[in-house]
Amino acid sequence: MVKVYYDSDVGLDVLKGKTVSVIGYGSQGRAQALNLRDSNVNVILGLRPEGSSWKRAKEEGFEVYPIDEAAKRGNIILMLIPDTVQPKVYEQYISPFMGEGKTLCFAHGFNIHFKQIVPPPTVDVIMVAPKSPGPRVRELYQEGFGTPALIAVYQNASGKAKETALALAKALGCTRAGVIETTFKDETESDLIGEQTVLVGGLIELIKKGFEVLVEAGYPPELAYFEACNEAKLIMDLIYKSGISGMLRAVSDTAKYGGLTVGPKVIDEHVKENMRKVVKTVQSGEFAKEWIEESKSGLKNLKALMKEIEEHQIEKVGRFIRKTAGIEK
Ligand code: NAD
Ligand code: MG
């Protein structure tokens, strides 16, 4: 079993007298800046003066500086801007201020693991990755609890990198829920494999293909939407709360029997073979290379794929049903 760190295992001393510069005020940036401030950490923000977050962060009481100025003033720099823009922003505004005594902290390992950002060896490089979207990280903190998180150390120049990561996690509220140590490699690769095979890639295809087959068989698209998509949430909520067995206990015996005997024939060994191929392309860096090129060349393929999905019948029917059912405003 991995070690799980809780509040009582972690001190905040390593943050005393330090300034934490949060770069970005989006999903994670805002939540983390607010939580750190409420934990009495000295927080400043680094934003683009022309960006829309600047005004909001000021209104919410933060000291806000251009990114280079925040990188200069901060001892600990939290990189909380989109992964795709981080390398450029780092190169231009942050790297000139990287040197002994600085800590660079990420919430996802991609740019470090795939060497899109290469900090000097004199700098501590760590990760604190809350396992929730930003607004939830904030909400749970305000409720007096927290979000579980991963921490990792990539470079430990000061000898205190892990202590710093744990202290940040505590100030974010994460040690209330539990913090696990991992590596940049494992976090990055497992995140990509998970989102491609199951969470984003797998689920979309499962739902879409299930919907298409029902419609092909002559069932009304509205009914197909309920069966292949809407109810997937209800089943997932049960799994989230009480595991696969808990979900099975809550559905009918017919559903249990049909699901357990037919499921493995639908999601069969071929699918698992395909998943193993995903593991290989992620581990070899082949996917990262493709994605970096796509991202640099203006996301042409991604935009086309988004358009294709938006125009799929399931999206049209889905919008109609969500509106009439009051699910989507
Ligand atoms: P986001 O898309 O919400 O960040 C947007 C913010 O980034 C903007 O408000 C702006 O302040 C800044 N920004 C955008 N473009 C910029 C540019 N060109 N130059 C300078 N600043 C710019 O980002 P996020 O989803 O919070 O992700 C931040 C990091 O957290 C990423 O590494 C991501 O992988 C990680 N992460 C995100 C989540 C999540 O729930 N969103 C969860 C875990 C980890
Ligand atoms: Mg992911």
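Both counts, for ligands and for their atoms, begin at 1 and track the order of listing. On a predicted model such as this, the values are computed, not experimentally measured, just so you know. Side chains included, hydrogens not; waters and symmetry mates left out as well; all remaining heavy atoms used.
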Does [X] come within less than 4.0 Å of [Y], counting only side-chain N to carboxylate O?
X: Asp237; Y: Lys233; value: yes
X: Glu59; Y: Lys55; value: yes
X: Lys16; Y: Asp13; value: yes
X: Glu60; Y: Arg30; value: yes
X: Glu205; Y: Lys208; value: yes

Q: Could you please tell me which protein N, O or S atoms lie under 2.8 Å from the Mg ion (ligand 2)?
A: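 Listed by chain and number, the nearby protein N, O or S atoms are Asp191 OD1, Asp191 OD2, Glu195 OE1.
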Q: Flag yes if more than 12 heavy atoms outside Lys241 fall under 6.0 Å of its NZ atom; otherwise flag no.
A: no
**Q.** Same apolar cluster: Val198 and Ile309, side chain cutoff 4.5 Å
**A.** yes
Q: Answer yes if Tyr93 and Trp54 sit in the same cluster of Ile, Leu, Val, Met, Phe, Trp and Tyr residues linked by side chain heavy atoms under 4.5 Å apart, and no otherwise.
A: no
Q: Decide whether the shortest distance between a heavy atom of Pro82 and an atom of ligand 1 is less than 4.0 Å.
A: yes
So which protein heavy atom does [atom] come closest to, and at what separation?
atom: atom 40 (O) of ligand 1; value: Pro133 CA, 2.9 Å
atom: atom 11 (O) of ligand 1; value: Tyr25 N, 3.1 Å
atom: atom 42 (C) of ligand 1; value: Gln28 NE2, 3.2 Å
atom: atom 3 (O) of ligand 1; value: Ser27 N, 2.8 Å

Q | Sub-3.5 Å N/O-N/O distance, Asp83 and ligand 1 | A | yes
For a quick check under 3.5 Å, do [X] and [Y] share a side-chain donor-acceptor pair by atom type?
X: Lys162; Y: Tyr5; value: yes
X: Tyr65; Y: Arg73; value: yes
X: Gln155; Y: Asp124; value: no

For ligand 1, the portion of [X] having any non-hydrogen atom under 4.0 Å away:
X: Ile81; value: both
X: Ser53; value: side chain
X: Ile23; value: neither

Which of the numbered atoms in ligand 1 are below 4.0 angstrom from a heavy atom of [X]?
X: Gly24; answer: 11 (O)
X: Pro130; answer: 43 (C)
X: Leu80; answer: 28 (C)

Q: Return the set of residues passing ring pair (Phe, Tyr, Trp, His ring centres under 6.0 Å) with Phe62 (not counting sequence neighbours), or none when no residue passes.
A: Tyr25
Q) If you measure from atom 17 (C) of ligand 1 to every heavy atom of Arg48, Met127, Gln86, Met79, which option wins on shortest distance? A)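 Minimum heavy-atom distance to atom 17 (C) of ligand 1 goes to Arg48.
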**Q.** Closest to atom 35 (C) of ligand 1 (judged by heavy-atom distance), picking from Gly134, Ser52, Ala107
**A.**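 It is Ala107 whose heavy atom sits nearest to atom 35 (C) of ligand 1.
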